[in-house]
Structure formats: C-alpha cells, structure tokens
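As structure tokens, the structure follows; a few thoughts come after it.
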Amino acid sequence: VQLQASGGGLVQAGGSLRLSCAASGSIFRISNMGWYRQAPGKQRELVADIGSLGNTRYADSVTGRFTIARDNAKNTVYLQTNSLKLEDTAVYYCNVYGTMVSGSYPEVFDSWGQGTLVTVSS
C-alpha cells in the first residue's frame, strides 16, 4: 500500500494549511489513519489519528487548532491546521494501518507517507 501526502508549505504564524494523504493499492480495509510530525532534532510524535468509526485523538499541543478527518471512499485522510505556530514547523508524515488483499488471506499493512514539510514563519 502506497501513501501520497501533499499540502505542506510555507505559511505565516496564525495561518492555515490543509494536508492530504491518499492511500492506494490492494486495500481491503483501513482501520486507523493518522498524522505524525518530526521537528529538527526531535523525535517523531503523534499529531492526530482517526479510527474506522471516526473516533479521534489529538496531541495536547494541537487540540483546538487542528482537525483530522477521513474520506473512506477515497482512502484519504486530511489534517486541517489552523492558528499555526512557529513550533508547528516539522515534516508531517501520514500513517495508515489496515488489511490488504494478498493471496488467499488478508494481510496487515502499516504504511507511511513520504513526509510533507510545514514551515511556519514569524
């Protein structure tokens, strides 16, 4: 399963960006979709994720500013980022977990996108 992320860029503090990540391949079912980020010199951290029933969770640092959503028909997950701060600058990675069609039995996959850079300037 391949993931294609897009939507990153340069934005001023207080601005907004919408990130998208589309999954493609022999997908049978997607369970969880999420966004992580990694800032320079820091470990990768969970930003937000969304389950198959639409249940969401957010990092404390983005709660109230970011919104995650998914379109199951398009196998796509979105991250609406508002009121961006300098500390939101990072490479954002999407992650998708589910099962794929492989031979006679479904096979679990856990795929990562290539990363999209978000740079927030003052």
Side-chain angles (χ1 to χ4, degrees):
V1 174
Q2 297 79 42
L3 304 186
Q4 182 65 47
S6 62
L10 175 64
V11 62
Q12 286 191 324
S16 300
L17 285 174
R18 188 189 193 213
L19 309 184
S20 299
C21 176
S24 62
S26 302
I27 298 169
F28 177 70
R29 180 177 179 270
I30 293 177
S31 299
N32 204 62
M33 308 181 87
W35 288 95
Y36 291 72
R37 68 185 180 186
Q38 187 167 19
K42 295 188 176 181
Q43 289 188 333
R44 189 174 297 189
E45 63 176 358
L46 174 69
V47 176
D49 64 7
I50 182 167
S52 59
L53 299 180
N55 47 304
T56 59
R57 58 175 179 169
Y58 295 90
D60 289 344
S61 59
V62 307
T63 297
R65 300 187 298 121
F66 291 10
T67 302
I68 191 170
R70 61 190 282 175
D71 184 333
N72 292 326
K74 297 181 179 180
N75 291 331
T76 299
V77 60
Y78 305 96
L79 186 69
Q80 178 66 43
T81 67
N82 298 328
S83 303
L84 284 162
K85 303 177 180 180
L86 297 179
E87 52 265 40
D88 294 319
T89 294
V91 177
Y92 285 69
Y93 298 90
C94 56
N95 173 256
V96 175
Y97 180 88
T99 51
M100 60 186 292
V101 177
S102 178
S104 301
Y105 303 97
E107 180 179 317
V108 171
F109 70 90
D110 187 358
S111 296
W112 290 86
Q114 80 281 12
T116 185
L117 177 62
V118 172
T119 303
V120 184
S121 65
S122 59

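Taking CG of Leu10 as the start and OG1 of Thr119 as the end, the distance is 6.0 Å to the nearest 0.5 Å. Rounded to the nearest 0.5 angstrom, Ser111 OG and Gln2 CD are separated by 7.5 Å. Ser31 contributes atom OG, which lies 10.0 Å from atom CG of Leu53 (distance to the nearest 0.5 angstrom). Rounding to the nearest 0.5 angstrom, the gap separating the CZ atom in Arg70 from the SG atom in Cys21 is 11.5 Å.
Among pairs with a residue in residues 72-94, those fulfilling salt bridge (charged side-chain N to carboxylate O under 4.0 Å, His left out) read Arg37-Asp88, Arg65-Asp88, at least two apart in sequence or across chains. Residue pairs meeting the salt bridge (charged side-chain N to carboxylate O under 4.0 Å, His left out) criterion with at least one member in residues 49-64, sequence neighbours excluded: Asp49-Arg57. Residue pairs meeting the ring-ring contact (aromatic ring centres under 6.0 Å, His included) criterion with at least one member in residues 19-64, sequence neighbours excluded, are Tyr36-Trp112. Among residues at least two apart or in separate chains, there is no salt bridge (charged side-chain N to carboxylate O under 4.0 Å, His left out) pair with a member in residues 7-29. Under the ring-ring contact (aromatic ring centres under 6.0 Å, His included) criterion, no residue pair touches residues 74-105, with sequence neighbours excluded.
Linking ILVMFWY side-chain heavy atoms closer than 4.5 Å, directly or via other members, places Leu86 and Val62 in a single hydrophobic cluster.
Considering all non-hydrogen atoms of both residues, Val96 and Met33 come closest at CG2-CE, 3.9 Å. Pairing each heavy atom of Gln38 with each of Lys42, the nearest pair is NE2-O, 3.1 Å. Pairing each heavy atom of Leu3 with each of Ala23, the nearest pair is CD2-CB, 3.4 Å.
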Before you tell me yes or no, could you show the steps for Val47 and Leu79 under side chain to side chain contact (heavy atoms under 4.5 Å, CB included), namely the whole-Å CA-CA distance, both residues' side-chain angles and the distance that decides it to 0.1 Å? CA-CA 9 Å; Val47 176; Leu79 186 69; 4.1 Å; yes
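Looking at Val118 and Leu19, their side chains come closer than 4.5 Å, going by heavy atoms from C-beta outward. Thr116 places none of its side-chain heavy atoms less than 4.5 Å from the side chain of Val91. The closest side-chain heavy-atom distance from Ile27 to Met100 is not below 4.5 Å.
No side-chain donor-acceptor contact under 3.5 Å links Thr81 to the backbone of Phe66. At distances below 3.5 Å, not a single donor-acceptor pair connects side-chain atoms of Thr99 with backbone N or O atoms of Pro106.
Residues meeting the side-chain contact (heavy atoms from CB on, under 4.5 Å) test with Ser16, sequence neighbours left out: Gln80, Asn82.
Applying side chain to side chain contact (heavy atoms under 4.5 Å, CB included) to Val77 and the options Asn72, Asn95, Ile50, Ile30 leaves one that passes, Ile50.
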